[in-house]
Amino acid sequence: MRFSSGFPFVVFACSLVFVASCGQSREPNEMMPDQPNTGAACNDSQPCTGGLACAAGDFVPGGYCTTICDSSACPEGSTCNSDFGAAICLVNCESAGECREGYQCFHGSCRVNCVGDEDCGEGSVCGAAGLCREPECTSNEQCQEGFQCVAGGMCEDASVVHGEGEACTASEPCSVGLVCLMASEGGTCAKECANAAACDSFDLVCAAVPVDPNGDSVADNVDTACLPITTSGALVGGACDSDSECDARLCLNNECVVPCREAGDCLAGQSCVPRERPSVPGAFYGCGFPALSGTGVEYLDIPLGTETIPSGLLGSEVHFAVPDDAVSITLMGKPVGESSTSVGFVEVIDPTRASVFDLVMIYDYIDQPVRWFPDGNGGMISMLIPNSTPDRIALRNGRYTTRLSLLGADAGSLDVQMSVRVKRAPGGDMTTGTLDLNIFLVTPDLNASSAGANSRLQDAIEVLRDIYETTGISIGTINYVDVTSTERSIYSVIDSADSAGSELDRMFELSAGQTNNALNIFLVHRIDAESGRESGITLGIAGGIPGAGNVHGTNHSGVAVSFSEELLGSGFNSSRLIAQIMAHEMGHYLGLFHNSESGRACGSGEIPSSSNPCAPFAGGDVLSDTTHADMTNLMYWSEMDNFSLSAGQGFVMRRSPLVH
């Protein structure tokens, strides 16, 4: 448990748990409901009492009831302790026997066993078996003449103490601030470190290494030391199968791991958390991810900062990492301020350094494992990874790289806010999910008070439920949203298609007041076909493939669906058609392309042009289990009484950050 400034701060209000801490501590069922139970075990079904919060985590065995405090704020039987930087209440003890396994009695309080010196408080050290102790020395000056302070805070005969780079053993230790490497790691004294910056050399890397303080040739603990960098190895977050493939010599769960002092030492998205080497006791602080707190879907939102994209040039490479329980990644870029300049993802590279998306190849009509097309009207962009099935792409944990570029000949540069939303679930998979909806009532036929009783709409929603349940997705909470009379008069009939500054764009921006994780559906009276469309009437439009995730208020934040009775008819058949339009456009927003486009599919090697019109990429989506020209599929380009979805389409839809 580490609370010191600059280290992972354990937030007791939500993410940590300490099991009943002392042998004589009070169990929750022995206490009055309003009495504080400092140090007791706690979890979701066994909460803390007396206003205390439950701290929990991988290195906090079983849960610990406590609270932030000052010198006089702790309940009886506990003491305010500031050894960790933040003052917290710890239950009192006098001997080790009063604290349960996994905890120690130190400085009069039961506390979790230590990982590093910082866990013991200023001036104390973390000794063998994770037990804190007072050091005999912290510098050579504190030892008597002829003795020298060695690693671990003990004074030893200076004649047997060794310096950096010199050979060492348990009986001939290293000077303080150095680590004695095991014979397998060189058997010499190396500089101790908490992160790469402490090594202060491009030729050295901070690595978590096994150590043998008692000299029995068996690794008894883990320490962190500066070692020569393995230049051919992968960087933090890179894919690996063995320690030798990482520059820091440690591969955990097929991902290269480095020690850290704080999250800033890691990739965007990672935290500085306790890590363990397999088959070696003890732990160290390394880059990784907090464990999931429950059994359902959780989200990791990663801000990537604002990138200035120069005209005619590529933006900088941006790196981030995702955990092994990731279900999907949604990349997002939002221009700062009003701009009609289009921004595009140029490339996405996975932890194996394989390209999963390359814009140049898309322009050359070479399909990608992740399909994404540039949007010509500016504003928000988003990409869903994966938006194809595992036969095309494997979502790997670790380090990803992406970069942006401006599209078109617009002069100047553009600032773009970049972010990633990682959807996590146990095992990195989900076979079912829930999709909530915000239904904006732009059509004059409905308002929020009448929508729930409108049979035409409610029958459509029931059909929509049936369609999506075939993919394991349930329609959850539906929130009906009224617009103003002025907004209804402007947007009830959308007379332009999706283009920069269009009515459609401005209408989607009406979702700005929403804060829930829901898909926005705008029921309009009618959508007039844009000039130049092939023929027919536009029944619905999606704000993107995929849409802007859970981000509201952008020019792509929703789907538009026609509701006109004159256009779609009345009765149940009308409801089925409305449901089909909603389900189809929602499918686009969740990441699906048409299984068949309206034009002729290009043949092998054919390039579409004005003189040779054809639909590239075989005229269909990227999925292997959808059939081109299957008019029964919901994602066929035209309304044909088509309601079916394939297993692959369901897989993609469940990856959307909107499905939880």
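Heads up: numbering here begins at 1 and tracks the sequence.
Donor-acceptor pairing under 3.5 Å is lacking for the side chains of D415 and T306. Under 3.5 Å, the side chains of N516 and D436 contain no donor-acceptor pair of N or O atoms. There is no side-chain donor-acceptor pair under 3.5 Å between D621 and H628. Side-chain contact annotation: N517 with Y299, donor-acceptor N/O pair under 3.5 Å present. Using a 3.5 Å distance cut-off with no hydrogens or angles, the side chains of N447 and D482 do not pair a donor with an acceptor. In the model, S489 has no side-chain atom that pairs as donor or acceptor with a side-chain atom of T486 under 3.5 Å. Between the side chains of E487 and T484, a donor-acceptor pair is found at a separation under 3.5 Å. In the model, Q649 has no side-chain atom that pairs as donor or acceptor with a side-chain atom of D625 under 3.5 Å. D324 and N253 form a side-chain donor-acceptor contact under 3.5 Å, judged by distance and modelled atom types alone. Under 3.5 Å, the side chains of N642 and Q580 contain a donor-acceptor pair of N or O atoms. A side-chain donor from one of E255 and N397 sits under 3.5 Å from a side-chain acceptor of the other. With 3.5 Å as the limit, one finds a donor-acceptor pair spanning the side chains of H319 and T401.
Contact annotation: the side chain of V559 never approaches that of F522 to less than 4.5 Å [non-hydrogen atoms, C-beta and beyond]. Between M383 and T330, the closest side-chain pair of non-hydrogen atoms is not below 4.5 Å. L658 has its side chain within reach of L590: a pair of non-hydrogen atoms, C-beta onward, lies under 4.5 Å apart.
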- Task: Test side-chain contact (heavy atoms from CB on, under 4.5 Å) on E509 and T554 and set out the steps.
- Result: CA-CA 5 Å; E509 291 172 356; T554 79; 5.7 Å; no

- Message: If you apply the rule side-chain contact (heavy atoms from CB on, under 4.5 Å), what do you find for L267 with F320, and how did you get there?
- Response: CA-CA 5 Å; L267 292 171; F320 62 94; 5.9 Å; no

- Query: Where do V416 and L404 land on the side-chain contact (heavy atoms from CB on, under 4.5 Å) test, with the steps shown first?
  - Reply: CA-CA 9 Å; V416 181; L404 302 178; 3.8 Å; yes

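When atom types are taken as modelled, the side chain of S656 and the backbone of M653 share no donor-acceptor pair closer than 3.5 angstrom. Looking at T443, its side chain never comes within 3.5 Å of a backbone N or O of L446 through a donor-acceptor pair. The backbone N or O of Y491 lies less than 3.5 Å from no partner atom in the side chain of E503, so there is not a single donor-acceptor pair. Proximity of a side-chain donor or acceptor of R353 to a complementary backbone N or O of I349 within less than 3.5 Å is not detected. In this structure, the side chain of E462 does not engage the main chain of D459 through any donor-acceptor pair within 3.5 Å. A donor-acceptor pair under 3.5 Å links the side-chain atoms of S564 to the main chain of E566, judged by distance alone. The backbone N or O of V360 sits less than 3.5 Å from a side-chain atom of D358, completing a donor-acceptor pair. Although no hydrogens or angles enter the test, the distance criterion places a donor-acceptor pair under 3.5 Å between the side chain of S574 and the main chain of G569.
The SG atoms of C602 and C614 are placed within less than 2.5 angstrom of each other. A disulfide is assigned to C266 and C287, since their SG atoms are nearer than 2.5 Å.
A cation-pi arrangement is present between R371 and F593 under the rule of less than 6.0 angstrom and at most 45 degrees off the ring axis. In this structure, R456 is positioned above the aromatic face of F563, its NZ or CZ under 6.0 Å from the six-membered ring centre and within 45° of the axis.
For F357 and F345, the distance between ring centers is not under 6.0 angstrom.
Under 4.0 Å is where a charged nitrogen must lie from a carboxylate oxygen, and between R654 and D429 no such pair does. Electrostatic pairing of E298 and R424 does not count as a salt bridge here, judged by no charged N lying under 4.0 Å from a carboxylate O. The residues K423 and D301 are annotated as not salt-bridged, no charged nitrogen and carboxylate oxygen being separated by less than 4.0 angstrom.
With D630 as the partner, the side-chain hydrogen bond (donor to acceptor under 3.5 Å, both in side chains) test is satisfied by one option alone out of T626, T627, T632: T632.
For the ring pair (Phe, Tyr, Trp, His ring centres under 6.0 Å) test, residues two or more places apart in sequence or in another chain that qualify with H588 are H584, H594. Partners of E606 by salt bridge (charged side-chain N to carboxylate O under 4.0 Å, His left out), not counting sequence neighbours, listed by chain and number: R600.
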